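Only one structure is covered here, and it is reproduced in the block below.
Predicted model, so just to flag it, every value in this text is computed and none were measured. Every chain is numbered from 1 and lettered A, B, ... according to where its sequence line falls, protein lines coming before strand lines. Because only heavy atoms are used, hydrogens play no part in the values below, and waters and symmetry mates are left out as well, while side chains stay in.
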Amino acid sequence: MDNSVSPQNNLVSVQNLSFSRGNKKIFDDISLEFERGKITAIMGPSGTGKTTLLKLIGGQLFPEQGTIIVDGNNVHRLRRSELYDLRKRMGMLFQSGALLTDMSVFDNVAFPLREHTHLPESMIRTLVLMKLQAVGLRGARNLMPNELSGGMARRIALARAIALDPMMIMYDEPFTGQDPISKGALVHLIKSLNTILGLTSIMVSHDVQETAAIADYIYVISEGKIVGQGTPKEIEQSDSDWVQQFMTGAADGPAHFHYPAKDYVDDLLSTGRRY
Amino acid sequence: MIELLQQLGKNTRTGFTKLGRGTFFLLQTIAGILSVLPRPRLLLNQMYSVGVLSFLIITISGLFVGMVLGLQGYYILSDFGAEETLGVMVAASLVRELGPVVSALLFAGRAGSALTAEIGLMKATEQLSGMEMMAVDPIKRIISPRFLAGLLSMPLLAALFSAVGIIGGQMVGSGMLGVDEGAYWSQMQANLDFQDDIVNGVIKSIVFGFVASWIALFEGYDAIPTSEGVSRATTRTVVNSAFSILGLDFILTALMFGDN
Amino acid sequence: MQHTNTQDTLVGLFVASGIAGLFFLALQVSNLSSFTEHDSYTVTARFENSGGLKVKSPVSSAGVKIGQVSSITFDPKTYESVVKLSIDKQYNTLPDDTTASVFTAGLLGEQYVNLEAGGSEEYLKDGGKIEITQSAIILEKAIGQFLFKSAEEKK
């Protein structure tokens, strides 16, 4: 474990966070630190509320308990205008890309620039082409979002997320549903953007290999608790059964294959009731 | 029995909660109009999809409704030898009632359902959420321009509906059935009042445009972000708009024409 | 950006036709065009009974509409109905001995004020008075009188 991290070096700090949806406790008093300029990954099976965590950091959801500090600001204590100013410095890459379907690729990337700056159109054009070049899709600028493949849409969304030169980017499942080539392209892109632009990256993922390849630090979450944390190497060598199951992809283990139910034989033999 | 009452209580409570959310949403939307004004391009794009795309259905329906009124009115009025007042009948029913009401119902079906589906799908595909994370308020950027466009388009559409209908009634009345054309127009002019009839009709259509746009946008914004949720929200838009328009029409009519 | 141009044109056409529709309703369908305040003058006529006359009922002469009723009040001293008529400025040559009567257009039609010109050389001015008036014919009264008369004749 890397204990040399001083708090000042952390761009985002999640302290004693609890959050539940309905009766299900999604986070149970967890604390996470995200170091500046590093790629920190949060891993865990689907449905553990990883996307929820990103929305909490972005101030779209309110926690039941705990605080989230982003660049010295308590996200949920900010006034609305302050929160919006903070968000201008945060990029977020949604799983679906979340491109605006009624405008072209070019206009999508130009969208944050046009909304938040009064730059002349010629300068916006230069900036947009630079961002598109960075993700390798300058040639696709006139396409509409419905003409893009999933991987292309995600890269365009990434170009849009870095349009305002943010201090950090949150990636929501960047590799899910991608073919190996697109995955490779995204891994390369995330890594190089992080080094070139000096971004801080928070990545939520359950793709073990890709994440382990680029992350500097990994948290593994299950059932609202942190079950393992460390550098990719430390995680691989973890002696926690749970982490091992997740990293190797075994079907059964501490995380059960079956959704909680009553005894199988009893269930089959009980008749006369519909449920 | 107790279960039934519990269910009723629960439904009432969800109903009030939704009304509360809707009111809050409406206030935000109205406040957001201020930020639309310096950006007429946003409004223009929405005037296109809300107004221009409803133009055809409104004018064609208006023409047919006017023609039917001309025909039916003639049959009834000629029994009393009062065919000359056909213009009054056609114009009064269109300007006071049918113009605002029918065009608002068509508007809810054509533009309202499209708005709900659009907003609902934007929500389902995380576009609204994405906008928020880009520090762009989706209410100001997406909802308010559409609301304003609905509010401005509705009276124009209703006026078109009535105007085309009156011409349709004249085409049938004096073109086919032989009512004197001069009598058609002059009786109309003598009996319809600008303040009482035309202005009240326009006020009605503004109220209907307000309510229909509000319902359509809120149902979309409040939709459960799945394909089923969006399709249900679209249905609710049409049903709730129809109820609200007809109910409000009764209230407005009682207020406006009551003391005559 | 090509498509926005046609879109703008269509929105322009839509707004223009909507406003044209409103103007059509205002001018062609309603009575807005008939009379406006600034080019009319007012004269007063006192009727024993103004019947179903209303504000904005037409005022006509020889079958042509020349103005409208602007107010109807009751005079508690003379027990008369005081009707103010606003008449279009271009008809400023009505003699001051003009007769005003309340007529009904057709059997079921609305009531209007009919002005019948007299022979005087003096013209009615703004604020002038019409001295000779004939009250509204109340249908029930007329029928009653008719029945009464025919009963008497039969005797």
Value for CD1 (B:Ile198) from CZ (C:Phe24), rounded to nearest 0.5 Å, stands at 9.5 Å
So, B:Gln189 side chain and C:Gln28 main chain: donor-acceptor pair closer than 3.5 Å or not? yes
Nearest-0.5 Å distance, CG of residue C:Leu25 to CG of residue B:Leu94: 9.0 Å
Are B:Gln46 and C:Val11 packed together at the side-chain level, in the sense that at least one heavy-atom pair is separated by less than 4.5 angstrom? no
Toward chain C, the part of B:Val52 with a non-hydrogen atom under 4.5 Å: both
So does C:Glu116 have more than 12 non-hydrogen atoms from other groups sitting under 6.0 Å from CD? no
Please classify the contact between B:Tyr48 and chain C as side chain, backbone, both or neither, with a heavy-atom cut-off of under 4.5 Å. both
Rounded distance (nearest 0.5 Å) linking atom CD of C:Gln7 with atom CG of B:Leu44: 7.0 Å
Is it true that, when you exclude C:Phe74 itself, more than 12 heavy atoms of the residues, nucleotides or ligands shown sit nearer than 6.0 Å to its CZ? yes
Honestly, the part of B:Val202 sitting under 4.5 Å from a heavy atom of chain C is side chain
Minimum heavy-atom distance between B:Phe55 and C:Ser17, given as atom pair plus value: CE1-OG, 3.4 Å
Please output the side-chain donor-acceptor pairs of residues 146-173 of chain B that fall under 3.5 Å, not counting sequence neighbours, one pair per line with the distance.
from     : atom 1 : to       : atom 2 : distance (Å)
B:Arg146 : NE     : B:Glu118 : OE1    : 3.2
B:Arg146 : NH1    : B:Ile142 : O      : 2.9
B:Arg146 : NH2    : B:Glu118 : OE2    : 2.8
B:Ser153 : OG     : B:Ala149 : O      : 2.7
B:Ser162 : OG     : B:Ala158 : O      : 3.2
B:Gln170 : NE2    : B:Ser174 : OG     : 2.9
B:Gln170 : NE2    : B:Glu181 : OE2    : 3.4

Looking at CG of C:Leu10 and CE of B:Met47, how far apart are the two atoms once the value is rounded to the nearest 0.5 Å? 12.5 Å
